[in-house]
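Notes for the one structure printed next.
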Amino acid sequence: MGMNVTEVTDGIFRLSANAEPNSLLFEGIWPIPNGVSMNSYIVKGEKVAIVDGVCGWDGVPETLFEQFDQMGIKAEDIDYVIVNHHEPDHSGWLEDFKKIRDDFQIITSVKGEPLLEAFYEITNDVRTVKTGDSLDLGDGRVLAFADIPNVHWPETMATFDTKSGTLMPCDAFGSFGAISDAPYDDQLSREEIDFFEHEAVRYYSNIVAAFCLPVKKAIKAVEELPVKIIAPGHGIVWRKDPWKIVNDYKRYASYDKNPAKEEVTVLWGSMYGMTEKAVKPLVEAIEAEGVKVHVHRLPESPLGDVLTSAWTSTGIVMGMPTYEYKMFPPMFAALDELAKKKVKNRKAFRFGSYGWSGGAQKELDELMAKHKTGWDFLETVEFKGAPGKEDIELIRQRGTELAREVKRMVAEAPAIA
Ligand code: FEO
């Protein structure tokens, strides 16, 4: 857990703690196969502010306090604690901090204030701020605040250092992925940046996707600022090319309505291998069109992986049998979550086996209608028991048709960033 403090820019320092790969489920739900970093920032003028913190898990606040030591900072030196966002992965350390000090001043949003008491019984001197407010740390260092509500909690705000152009937006523009020695984009290779881009998609789809409209509004607000560095609460700090992560987020936020990438996610589940017989021919047909396919078997694939694939896929295929006159239950759970996370307007296709009367299709139609997913389905192929040669051929054809439609939709989509 031990990490070193690094200097973001003159007078701003990054402190961080990692949750190691697969050490926990983020938010108690989402696997983190590559871990996640939680970043905190010390901003020094004549006065000292700490912007966000780390979670309160065993050993994590201690990591933060060790990093204070590395900087030669004592808890008493901190004049302001700025809480952009109250989810405990950033605010949990306050529980320990208040044991060290009980007289610190907190800067947070109006909606954030009551959460301090609710989570940590903190009723200190709290100053609430809103868009347009600022805090003068002295030595020419003025912090400006901007509300970015619902990215992804209602109380969220961003802190902007007007002296250096450093934006500290907490969850916005964050990514999963633990970080060891090199937390800056200017220290990373193309492959490493690509890795963090994938981790940003995982983060966006798992944590933020339900709030695409607020993300778009936040991006608009950020575009009006003279941003030179983006220092988020998770992931790498963008100081060589801060607009890369903004533009990435702009694209991710557009995938709720616009076509995403030239990719198809195939979700399948099978009780005794009947539905499974059609999976390989279907995947081959899609790949033959040059379209990338992500395949997830349910319930084995974690929902976090399914969401990550589905978010960037313009096409979704569901292979599932009827189970007790309804949908195969893990498929229901996955699709229900995709819909709640606003995986909308996809080109879709379903195939699967049944034994007696069927019923999966009826429940699928009801689920799609309930969530208003806007998925445009090709005609379903259902078969009694095992698929015959004609069924397999039909499913192949649907795969080809779906892939071609996906390519057309992506080609005709408006350029986002
Ligand atoms: Fe990283 Fe919403 O907390």
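- Defined by atom type and a distance below 3.5 Å, a donor-acceptor pair is missing between the side-chain atoms of T275 and S270.
- Proximity of the aromatic rings of H234 and F26 is defined here by a centroid distance below 6.0 angstrom, and this criterion is met.
- Two rings, from F104 and F97, have their centers less than 6.0 Å apart.
- S189 and E192 are linked by a side-chain donor-acceptor pair at a separation below 3.5 angstrom, with hydrogens and angles left out of the test.
- In summary, R408 and E405 engage in a salt bridge, as defined by a charged side-chain N under 4.0 Å from a carboxylate O.
- Donor-acceptor pairing under 3.5 Å is lacking for the side chains of E117 and T123.
- Taking the ring centroids of H85 and W153, they lie under the 6.0 Å cut-off.
- Listed by chain and number, the residues in a side chain to side chain donor-acceptor pair (under 3.5 Å) with D248 are K244, R251 (sequence neighbours excluded).
- Heavy-atom contacts from other residues, nucleotides or ligands closer than 6.0 Å to CD of E412 number more than 12.
- Counting only distance, with no hydrogens or angles, the side chain of N345 and the backbone of K257 share a donor-acceptor pair below 3.5 Å.
- Of the N and O atoms on the side chains of D305 and H294, not one donor lies less than 3.5 Å from an acceptor on the other residue.
- A donor-acceptor pair shorter than 3.5 Å cannot be found between the side chains of N18 and S37.
- In terms of modelled atom types and a separation under 3.5 Å, the side chain of K407 and the main chain of E289 share a donor-acceptor contact.
- For the pair K292 and E287, the salt-bridge criterion is not met [side-chain N within less than 4.0 Å of a carboxylate O].
- A donor-acceptor contact under 3.5 angstrom links the side chains of N34 and E199, judged on distance only.
- Formation of a donor-acceptor pair under 3.5 Å by the E155 side chain with backbone atoms of H86 is found in this model.
- Between W311 and Y204, the gap from one ring centroid to the other is short of 6.0 Å.
- Residues S40 and D52 have side chains that never bring a donor and an acceptor to within less than 3.5 angstrom of each other.
- Taking a cutoff of 4.0 Å between a charged side-chain nitrogen and a carboxylate oxygen, E366 and K370 do not qualify as a salt bridge.
- Salt-bridge formation is detected for the pair K130/D133: a Lys NZ or Arg NE/NH1/NH2 atom is positioned less than 4.0 Å from an Asp or Glu carboxylate oxygen.
- No salt bridge links E401 with R396; every basic N to acidic carboxylate O contact stays at or beyond 4.0 Å.
- The residues K344 and D256 are annotated as not salt-bridged, no charged nitrogen and carboxylate oxygen being separated by less than 4.0 angstrom.
- Classification of K220 and E224 as a salt-bridged pair fails, no side-chain N sitting under 4.0 Å from a carboxylate O.
- Y41 does not carry R14 over the face of its six-membered ring by the limits of under 6.0 Å from the centre and within 45° of the normal.
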